[in-house]
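Data first, discussion second: the structure below is written as structure tokens.
Residue numbering restarts at 1 for every chain, and letters A, B, ... go by the order of the sequence lines. Given the structure is predicted, the values throughout are model-derived calculations rather than measurements.
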Amino acid sequence: MAEAAPLWAAVVLPFALAAAACCAASVDALLAASARCGPARGARDAVSRAATPLRATVRLFARRPRRTTAADTALTRLGAAVVPVAAVLACAVLPWGFTSVTDPTVGVVWFNAMEALAWAGVWLVGWGPNSTLSMIGGYRFLAQGLAYELPHMFALTTAALGAESLRVGDVVAAQSGLWFVVWMPVAFVVYLLSALGMSFWGPFGHPLGRDIASGVAVELGGVDRLLLLGGRWMLLVTTAGFSVPLFLGGGHGPLLPAWAWTLLKTGAVLALLVTARRVLPTARMDRYLEPAWMVLIPLTLAQALFVAVAVLDR
Amino acid sequence: MVFRFDSMARATYALLLALLCVGVDVLLLGLDYLGVVVVLMMTIEMALMAAFMVMFMMNPAGLAPMSMTHNRRGAALLSAVVFVALAAGALLTPWPSRRGDVPPDPTRQLGRSLMGGQMLTMMVLGLALFATIVASVVLATRRGRYDRFGDDLRGRPAEPAARGGLPR
């Protein structure tokens, strides 16, 4: 069971998550700039490149939101706002070392429920502006959710099964000897895939595809756009961070203190995800749905069965 | 809600809000697992429901304006009366005070008192229902083998009618 963090941690959490999301976005911007116009010329150039997301944030604050004809503005705004809020709420059960803001008995289910909220939010953003392209994006995200949500749930279930508890603190405690990634590799890989799916970018960026002029986000401007795109980074950081207590042993590790291990592991997973997004092509959902249901679900079920037998045998 | 909103999406998400409140109610009763599962399942269900409702109700956010509001005054009156009656009931009922202690796992207790000796029956029934769902989807799908290969299952057309992501 994780220790409860002091009350101020709940206030700091959204800002910390936003800062982490900003760091991840900076690294991604650096990689993008290096890929586009070669390595940085000196430190100043590198800093300027890394500050691209910050500049974009300031610009979005100054920009007016867009209006479309017969738009459902309330739903659009609600959808855009739900994405970062869901990320922060999901992050509340994330242990930092062995301390988390809250550690409910059903932390794993809570995390999944918050992800589902973000899922609904993105559809609303696609629906609200009364624009064909954004609506196509919204429906793509719904289809994408159908493809990754079930394997993702089985991956979460497998980790909870290994710890015989839905409490995130217990899942971390169960990995003091052996990390779950060692004997649940399939669940870990599926979890990473769905982490990309949840933050809808890279191979799962079809809802914001170039072919539909960035789909869900096409009609968003100003703060609405910032909420959706920034919320996406926050979701990515949260899902990457959650793989650490689920599969990578949380704060367990030799020599370094627990918080440093959490930071290191989260950074490593985040780097992997950011790289994956730069390397892998976009997966079309009509092509991905079938492998997801016919390959990933049986694989994750077999993994869960293996873990269940191992746990019963213990 | 249907009397208030003329948009399927709004009605569906208002319903989701109501169901999330139910989830919070269940959480307040101390049934943590059930409460969070209600939030999880209802969110997913309502997101899908919105898609289906829009498909069938043909009201794509103003692209085809259509009013579903009717009998506004009667509906408002009725809902106000129902709300007042329920609130008065909640406030005026002499609620009993708690007898005994809170069990360590209320969710398990609830499951036991609901199911009792019928747990095995319900599990078998659940399997049967699930098998029925899978079977009916398999029978109803347009991606069945007859659709992909035509009437002659031994012949394999070069270009199947419906393409998936897996090589066949």
Side-chain angles (χ1 to χ4, degrees), chain A residues 68-72 74-76 78-79 82 86 89 93 104-124 126-132 134-135 138-139 141-143 145-147 149-150 153 166-167 283-295, chain B residues 5-17 19-20 23-24 26-27 30-55 59-65 104-108 134 137 141 143 148 160 162-168:
Chain A
T68 43
T69 314
D72 199 332
L75 285 189
T76 317
L78 181 73
V82 153
L89 286 179
V93 295
T105 46
V106 288
V108 175
V109 191
W110 171 260
F111 176 77
N112 201 349
M114 291 308 112
E115 286 172 341
L117 269 190
W119 192 54
V122 174
W123 185 80
L124 280 181
W127 169 263
N130 188 26
S131 145
T132 316
S134 79
M135 193 164 81
Y139 278 124
F141 192 57
L142 223 51
L146 290 180
E149 192 65 47
L150 267 183
M153 280 180 179
L166 288 169
R167 192 192 288 272
R284 265 177 50 188
M285 267 318 113
D286 52 338
R287 291 299 176 84
Y288 182 74
L289 211 83
E290 193 165 300
W293 279 75
M294 298 182 70
V295 178
Chain B
F5 299 131
D6 63 346
S7 145
M8 260 358 267
R10 281 194 179 207
T12 313
Y13 277 85
L15 188 58
L16 172 61
L17 188 66
L19 291 166
L20 291 187
V24 174
V26 177
L27 274 178
L31 303 166
D32 292 355
Y33 179 73
L34 285 183
V36 180
V37 161
V38 165
V39 171
L40 170 66
M41 299 317 274
M42 288 307 142
T43 312
I44 296 181
E45 189 184 299
M46 283 299 134
L48 289 181
M49 173 121 137
F52 278 100
M53 293 294 255
V54 169
M55 259 192 264
N59 178 23
L63 284 179
D105 189 353
T107 308
R108 176 189 290 265
V134 171
V137 169
T141 180
R143 296 283 309 281
R148 277 184 282 125
R163 294 164 65 101
L166 290 176
R168 295 188 208 262

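Residue A:Glu149 touches chain B through its side chain alone, counting heavy-atom pairs closer than 4.5 Å. With a threshold of 4.5 angstrom between heavy atoms, B:Tyr13 approaches chain A through side-chain atoms but not through N, CA, C or O. For A:Leu78, no part lies under 4.5 angstrom from a heavy atom of chain B. Heavy atoms closer than 4.5 Å to chain B are found in both the backbone and the side chain of A:Leu117.
Residues B:Leu48 and A:Trp119 are in side-chain contact: their nearest non-hydrogen atoms beyond the backbone lie under 4.5 Å apart. Two residues are said to be in side-chain contact when any heavy atoms from C-beta on lie closer than 4.5 Å; B:Asp32 and A:Val109 fail this criterion.
Most heavy-atom pairs under 4.5 Å with chain B, from the set A:Gly138, A:Ala283, A:Ala120: that is A:Ala120. In terms of heavy-atom pairs under 4.5 Å with chain B, the best-connected choice from A:Leu166, A:Leu289, A:Asn112, A:Leu146 is A:Asn112.
We find the OG1-CG distance between B:Thr12 and A:Leu75 to be 9.5 Å, quoted to the nearest 0.5 Å. Atom CD in A:Glu115 sits 9.5 Å away from atom CD1 in B:Ile44 (nearest 0.5 Å).
Here the closest heavy-atom approach between residue A:Ala113 and residue B:Leu40 is recorded as CA-CD1, 3.5 Å.
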